[in-house]
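Below: one structure, written as structure tokens.
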Protein chains: 2
Amino acid sequence: MRQEGVGVDLETSLGYLLKEASSALRAAMEEVLRPLGMSVTHYSCLELLAQRPGLSNSELARGAFVTRQTMNVLLQALERDGYVTRPAEAPVGKALPTRLTPRGRRSLEKASAAVRSVEARMLAGLNETEEEDAFRILQSMIHSLRGDNEGA
Amino acid sequence: MRQEGVGVDLETSLGYLLKEASSALRAAMEEVLRPLGMSVTHYSCLELLAQRPGLSNSELARGAFVTRQTMNVLLQALERDGYVTRPAEAPVGKALPTRLTPRGRRSLEKASAAVRSVEARMLAGLNETEEEDAFRILQSMIHSLRGDNEGA
DNA sequence: TGCCTCATGTCAGTATTCTGACATAGGTTG
DNA sequence: CAACCTATGTCAGAATACTGACATGAGGCA
């Protein structure tokens, strides 16, 4: 009923704001991907493969921020439906290099365009300097959170 | 096996970076909350209630970025375990104002401290100006994504 | 060479979240 | 007043992601 515009302290938390922004981005992506019958993870996998052909299941999982088990389930479905291919035998080790099929590439095209338009909308209110600031600041946050701060 | 430092284009995408940062934050939060037997959504719910007592199930859901069905499941568990209380009858409409119990408040204390330390670590590499920039930029992104851009 | 550690792919079970649906309360509008 | 419309709480089922576990291949090291 109420719109709750009070805002106590969560409104000043950058962590909360980060979660809010990420949630808004995900919702916007789902909205444009749904008509294409594609989920966000589904799209992420295809986009990763387009830009870095031959990624293994585990590498795809890390790139899409899911576990390798989750990515494995998705890859099996994508393989079954003819969007990607994996060799039956690993050329080295156990890692199976995955590649997009023409069908996968075609399917990605529309999705990629839709997602890029979402990203463009997200950045609509920012100038170049702000985009650069955002890039640098987000990278710093990631760095700090992961504990890569041993240099001095 | 490989560390994949090449980076093609995803490395320049602010959307991808936002997801990466949010994922890192969530992972860091899970890491410190796990020893306390608390999930991120669990913590979010308690923190919301501490700062805005009397929020309804639907309001909590919006604040924690989940559906009201998901929050309902969580609230029933929290109520069963004595962390929150809800009146049996709605004072007005159907909304049931939820409040923390002393036990819930006590449980939140440690979790809140842990999460605040994570947030502090996240911001360690940033100065005040950068924090303000981040705040303003993230709010702009949220605003644009939600389509609140009808003013001129 | 043998052993140890790590990363990978995969299977199975569990947990979490979501979508769909329904009934009810309150405000709005004719 | 009556007919809507919106918001809410809740139940049920489906989708999604995760944890646990196991076997295998590669590289390091004694």
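Below, chains carry the letters A, B, ... as their sequence lines are ordered, and counting in each starts from 1. Everything numeric here is computed off the predicted structure, so don't read it as measured data.
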*Which whole-number value in Å describes the distance from B:Met71 CE to C:dT17 C1'?*
12 Å

*Do NZ/NE/NH1/NH2 and the carboxylate oxygens of B:Glu119 and A:Lys19 come within less than 4.0 Å?*
no

*Measure the distance from CG on A:Asn57 to C1' on D:dG25 and round it to the nearest whole Å.*
16 Å

_For C:dG20, does the base pair up with any side-chain atom of B:Gln69 as donor and acceptor (N or O, under 3.5 Å, distance only)?_
yes

*Check whether B:Leu78 and B:Val73 end up in the same hydrophobic cluster, where Ile, Leu, Val, Met, Phe, Trp and Tyr are linked by side-chain heavy atoms less than 4.5 Å apart.*
no

_Residue met sooner reading DNA chain C from 5', once A:Glu30 and B:Pro91 are mapped to nucleotides_ = A:Glu30

_Proximity to DNA chain C (any heavy atom under 4.0 Å), residues of residues 36-44 of chain A only_ = none

*Step through the shown structure and confirm whether more than 12 heavy atoms of other residues, nucleotides or ligands are within 6.0 Å of CD on B:Glu31.*
no

*Rounded to the nearest Å, what distance is computed from the CG atom of residue A:Leu60 to the C1' atom of nucleotide C:dA7?*
15 Å

*So, is A:Arg34 close to the C:dT19 phosphate, meaning a side-chain N or O under 4.0 Å from OP1 or OP2?*
yes

*For A:Leu96, report the nucleic acid contact type (base, sugar-phosphate, nothing); a contact means any heavy atom under 4.0 Å.*
sugar-phosphate

*Looking at A:Leu36 and A:Ala111, what are the two nearest heavy atoms and their distance?*
CD1-CA, 3.6 Å

*Give the rounded distance in Å between these two atoms: CG of A:Asn72 and P of D:dC18.*
13 Å

_Within the 4.5 Å heavy-atom criterion, are A:Thr129 and A:Asp133 side-chain neighbours or not?_
yes

*Scan A:Ser58 against the nucleic acid and name what it touches under 4.0 Å (heavy atoms): base, sugar-phosphate only, or nothing.*
sugar-phosphate

*asked:* Is the phosphate of D:dC11 approached by B:Gln76 (side-chain N or O, under 4.0 Å from OP1 or OP2)?
replied: yes

*Looking only at heavy atoms, what is the nearest atom pair of A:Met71 and A:Ala64, with distance?*
CE-CB, 3.7 Å

*Is any side-chain N or O of B:Thr70 closer than 4.0 Å to OP1 or OP2 of C:dT16?*
no

*Is the backbone of B:Leu100 close enough, under 3.5 Å, to the side chain of B:Arg105 for a donor and an acceptor to pair up by distance?*
yes

_Length of the line joining A:Leu33:CG and C:dC18:P, which is rounded to integer Å_ = 17 Å

_Without decimals, in angstroms, what is the distance between B:Leu55 CG and D:dT8 C1'?_
14 Å

*Kindly point out which of C:dA25, D:dT10, C:dT8 is positioned nearest to the side chain of B:Arg68?*
D:dT10

*asked:* Quick check: on DNA chain D, is the nucleotide nearest B:Arg86 upstream (toward 5') of the one nearest A:Phe65, or the reverse? Name the residue that is more 5'.
replied: B:Arg86

*Could you check how far CZ of A:Arg26 sits from P of D:dT16, rounded to whole Å?*
11 Å

*Within this structure, what is the CG-to-P distance between A:Leu74 and D:dT16, rounded to whole angstrom?*
9 Å

